[in-house]
Structures are given as structure tokens and as C-alpha cells.
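A short write-up of the structure that comes next.
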Amino acid sequence: MASLAPRLLRRRPLRSAASALVSLSDSWMRLRGAGSPRPGALLLEPSCGAPERWMDGRRWWFHRPIRHGSTAVTLDTDGGFARFSVGGDAGTKQKAGRGQPPARAKKKMSRKAKVNQLKWYRLKAKKKMKSPNPEVRIRYKLEKAKRKEEWLIEKLRKYEVPRSPQPVHDPEILTEEEKFYLKRTGEKKKNYVPVGRRGVFGGVVLNMHLHWKKHETVKVVCKPCWPGQVYEYAEELTRLSKGTVIDIKPNNTIIFYRGKNYVQPKVMSPPDTLSKQKALEKYRYEQSLEHTSQFIEKLEKELEDYQKHVALFKNRGETSQKLSSEGTIFDELTTSSDSE
């Protein structure tokens with residue numbers, strides 16, 4: 001009997017479903033030996049849409065198929081078919097999904113289709129690169145460079161570290177004699193911290209604190225460094241290390257003083273700085289962005305010069321045509337006057 005229940009839940013015409021359901025209820029009653037359903041049994045009644053001649057005034061009931069909880073079996077007769085659903089949400093889900101079109105699955109491209117698509121793009125780019133028109137070639141290079149510039153800007157946004165709120169730092173006030181003494185001391189000592197192509201990152205601040213463990217001053221040598229960048233480095237290192245700038249040399253060297261009441265922090269590398277590897281990656285993207293921007297400026301100038309060149313020769317052609325037409329008119333007038 002239990003094996004007949006899943007078969008009844010399948011979609012079938014109303015006549016066959018109703019007759020099978022009546023026979024199932026009769027056989028179940030004979031097995032139980034009682035004409036009335038036992039307490040806790042599950043009653044199944046046809047919906048209002050079913051015709052009365054298939055009901056025969058009988059109530060169909062089944063034993064509860066599960067041990068815990070309650071389960072409702074509903075009969076839906078819309079469209080001339082009997083649809084059975086177990087549970088309260090099954091019928092509602094089926095009705096809700098019946099009026100909506102099925103979602104179309106995204107077709108996955110095959111390997112061959114991808115290769116063919118790439119070949120088509122390469123062939124299209126090759127035609128533009130070998131075009132006899134110089135303007136087409138310049139515009140293709142310009143579009144490609146601008147796409148690369150946008151991609152590099154998006155990459156550099158990932159390396160922007162948000163600044164964490166820090167306590168206000170009160171710098172120590174030093175007299176002119178103290179500044180002169182610290183400047184001479186820093187120049188004589190040989191301890192220094194290099195700032196290379198990676199710029200300011202966590203390792204630079206860590207090295208400064210390690211030098212301040214035994215020395216009052218430390219030199220920060222910035223190479224390579226374009227004009228004016230040394231002042232940006234001095235401001236950034238002052239914020240991160242809480243030190244005091246004593247002097248900035250013409251050879252891009254900064255002398256830092258640790259302070260009179262210096263206490264070495266527990267975390268010497270600030271959390272709002274990049275690591276050594278990420279700082280190098282950021283430098284590479286910045287270099288690529290700088291070269292790409294210069295290349296875009298060069299291409300824009302070339303395109304402007306070419307358009308001026310085309311306009312100039314177009315004007316020359318128009319003037320030459322005007323002169324030739326005027327010459328022919330003058331020759332016609334002279335020949336007519338001579339004939340007269």
C-alpha cells in the first residue's frame with residue numbers, strides 16, 4: 001500500500017486518478033477492518049473544481065505517512081488533470097511557478113567558440129593596425145591606451161589604505177640651539193633608513209623605530225625621488241612615526257629626531273600601511289600609468305597634427321581649383337575678344 005502512494009502523486013487524468021484513489025481507500029478500509037477512519041488519520045477531499053459524479057458521496061482517507069508533525073495532501077483538478085501535492089507549500093509553489101516562464105539557463109561557450117571569438121578580435125585589430133589611413137591607426141592606438149589607463153586606475157584603487165583615526169600628536173618645541181646640536185649630530189652619524197621605489201610603507205617606519213632604540217636621530221635617504229616628493233615623504237613619516245623633522249638636505253635626505261620623552265611602541269609597523277610586496281606592486285602600476293598617460297598625450301598631439309595637415313591640403317586643393325577655373329574663364333574671354 002505504501003508503494004501506491006507515490007504513484008498517485010504523479011500527474012494523470014482526473015478519471016483514472018479518482019478511480020485509483022477510491023480503490024485505494026476501499027482496500028485500506030478492508031485491511032483496517034473499520035468503516036470509519038482512525039484518530040490521527042489524514043483526510044483527503046477533492047477540490048471544488050472536481051465533478052460530483054467522480055465523488056460518489058464518499059470521503060477518501062489515508063493513514064498519516066509521517067510520524068511527527070502534520071502533512072496536508074491537496075488535490076488540484078485545474079485543466080482536466082489531477083495534481084497531488086504533499087505539504088502546504090508544494091501547491092502554492094506549483095501555482096506560483098505555473099504562470100511564470102521558465103528561467104533560461106545561460107549557455108556555456110565551448111572552447112572552440114572562445115578560440116574563434118579571440119581570432120575574430122585579433123583579425124579586426126590587425127586590420128586597423130595595417131590600415132592605409134593614418135587616422136584609423138592613431139585612433140585605434142588611442143582607444144587601446146585609454147582602456148589600459150582606466151584598468152590601471154581601477155587597480156590602484158585597491159591599494160588605497162584608509163587612514164585610521166589616531167590620537168592628536170603634540171610635537172615638542174625645540175630651541176635653535178637644540179636644533180643645531182641635533183642637526184650636527186645627525187650629519188655625523190652613519191645610521192640611515194633608505195626609501196626606494198616602493199615609497200613609504202610599514203617597513204620604513206619599523207626601521208626608524210629600531211634605529212631610535214639606540215640613537216636620538218636617524219637619516220632617511222630618499223632615492224629615487226622627483227623634485228618636491230621629499231617634502232611629501234617627510235610629512236607622511238612624521239604622521240606615522242610621531243617624530244620631528246630637524247632638517248631636509250638638498251640631496252633628498254631628511255633628519256628625524258625621536259623626541260625627548262620617546263617610548264618605543266608595541267606595534268612599530270603601523271596597520272594603515274602597505275606591506276613590502278604590495279608597495280612594489282603599487283609602484284609598478286603607478287609607473288605603467290605614468291607612461292600610458294604620456295603615450296596618450298603623444299597620440300592626441302599626433303592626431304591633431306594629422307587633422308591640421310589634412311585640412312591644410314584640402315584648402316590648398318580648393319584654392320588651386322578656384323585658380324584653374326578663373327584661368328579658364330579668362331582664356332575664354334581673351335579668345336572671344338580676339339575673334340571679335
Side-chain angles (χ1 to χ4, degrees), residues 152-153 155-291 293:
L152 289 170
I153 290 170
K155 281 286 185 181
L156 283 171
R157 283 176 185 169
K158 297 179 181 178
Y159 294 95
E160 293 178 358
V161 181
R163 293 188 178 184
S164 59
Q166 295 180 355
V168 180
H169 173 60
D170 187 15
E172 297 179 3
I173 299 172
L174 301 173
T175 61
E176 292 297 328
E177 292 81 5
E178 289 174 341
K179 285 184 179 180
F180 180 78
Y181 167 74
L182 292 170
K183 179 180 175 182
R184 295 287 292 175
T185 306
E187 289 174 353
K188 287 180 181 179
K189 289 185 178 180
K190 295 182 180 180
N191 59 317
Y192 72 97
V193 175
V195 176
R197 56 182 181 173
R198 293 178 177 85
V200 177
F201 62 100
V204 177
V205 185
L206 173 65
N207 289 335
M208 289 176 68
H209 284 294
L210 292 176
H211 279 285
W212 281 339
K213 188 176 181 180
K214 295 183 179 180
H215 306 278
E216 288 184 337
T217 60
V218 63
K219 288 187 288 187
V220 178
V221 182
C222 308
K223 288 182 181 179
C225 183
W226 61 74
Q229 193 179 16
V230 64
Y231 297 99
E232 296 178 8
Y233 285 161
E235 184 180 356
E236 186 72 12
L237 288 171
T238 303
R239 182 183 69 85
L240 294 172
S241 65
K242 304 295 186 296
T244 307
V245 179
I246 301 298
D247 189 24
I248 298 176
K249 298 290 183 181
N251 59 350
N252 298 329
T253 302
I254 313 168
I255 298 175
F256 275 96
Y257 173 56
R258 68 181 182 181
K260 295 177 182 177
N261 303 320
Y262 171 73
V263 178
Q264 194 177 61
K266 294 181 179 179
V267 181
M268 291 184 283
S269 181
D272 56 342
T273 54
L274 295 173
S275 62
K276 189 175 182 180
Q277 183 180 358
K278 288 188 176 180
L280 181 60
E281 292 174 2
K282 183 182 178 182
Y283 165 76
R284 286 173 178 169
Y285 286 128
E286 286 176 348
Q287 287 292 103
S288 181
L289 181 62
E290 183 182 353
H291 295 319
S293 302

Please say whether more than 12 non-hydrogen atoms of neighbouring residues, nucleotides or ligands are located less than 6.0 Å from [atom1] in [X].
| X | atom1 | result |
| --- | --- | --- |
| Lys278 | NZ | no |
| Tyr192 | OH | no |
| Gln264 | CD | yes |
| Tyr181 | OH | no |
| Glu187 | CD | yes |

Of the non-hydrogen atoms in [X] and [Y], which two are nearest, and what is the gap between them?
| X | Y | result |
| --- | --- | --- |
| Leu156 | Lys282 | CD2-O, 3.8 Å |
| Lys179 | Ile246 | O-CG2, 3.8 Å |
| Gly186 | Thr217 | CA-OG1, 3.5 Å |
| Val204 | Gly199 | CG2-O, 3.9 Å |
| Val195 | Val200 | CG1-N, 4.4 Å |
| Pro224 | Gly196 | CD-C, 4.1 Å |

For [Y], does its backbone N or O pair with a side-chain atom of [X] as donor and acceptor, under 3.5 Å?
| X | Y | result |
| --- | --- | --- |
| Lys214 | His211 | no |
| Glu236 | Tyr233 | no |
| Ser241 | Leu237 | yes |
| Lys219 | Lys189 | yes |

Report the distance from atom [atom1] of [X] to atom [atom2] of [Y], rounding to the nearest 0.5 Å.
| X | Y | atom1 | atom2 | answer |
| --- | --- | --- | --- | --- |
| Lys183 | Lys188 | NZ | NZ | 13.0 Å |
| Tyr231 | Cys225 | OH | SG | 10.0 Å |
| Arg198 | Lys276 | CZ | NZ | 5.0 Å |
| Ile255 | Ile248 | CD1 | CD1 | 10.0 Å |
| Glu286 | Leu152 | CD | CG | 10.5 Å |
| Met208 | Leu240 | CE | CG | 9.0 Å |

Exercise. Evaluate side-chain contact (heavy atoms from CB on, under 4.5 Å) for Cys222 paired with Ile254, printing each intermediate quantity in order.
Key: CA-CA 8 Å; Cys222 308; Ile254 313 168; 4.1 Å; yes
Practice problem: Before giving the answer on side-chain contact (heavy atoms from CB on, under 4.5 Å), spell out for Gln287 and His291 the whole-Å C-alpha distance, their side-chain angles and the decisive distance to 0.1 Å. | Solution: CA-CA 6 Å; Gln287 287 292 103; His291 295 319; 4.0 Å; yes
Quiz item: When you check the gap from the basic side-chain N to the acidic O, do Lys158 and Glu281 get nearer than 4.0 Å?
Solution: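 No, Lys158 and Glu281 are not salt-bridged.
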Practice problem: Might you work through the side-chain contact (heavy atoms from CB on, under 4.5 Å) test for Glu232 and Glu235, ending with a clear yes or no? | Solution: CA-CA 5 Å; Glu232 296 178 8; Glu235 184 180 356; 5.8 Å; no
Exercise. Please test Glu216 against Tyr257 for side chain to side chain donor-acceptor pair (under 3.5 Å), starting from the C-alpha separation and ending with a verdict.
Key: CA-CA 6 Å; Glu216 288 184 337; Tyr257 173 56; 4.9 Å; no
Quiz item: What is the ring orientation for Trp212 with Tyr262, classed by angle as parallel under 30°, tilted 30 to 60°, or perpendicular over 60°?
Solution: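 Because their plane-to-plane angle is over 60°, the rings of Trp212 and Tyr262 count as perpendicular.
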Are any of the side-chain heavy atoms of [X] and [Y] separated by less than 4.5 Å?
| X | Y | value |
| --- | --- | --- |
| Leu289 | Ile153 | yes |
| Thr238 | Phe256 | yes |
| His209 | Pro265 | yes |
| Val161 | Thr273 | no |

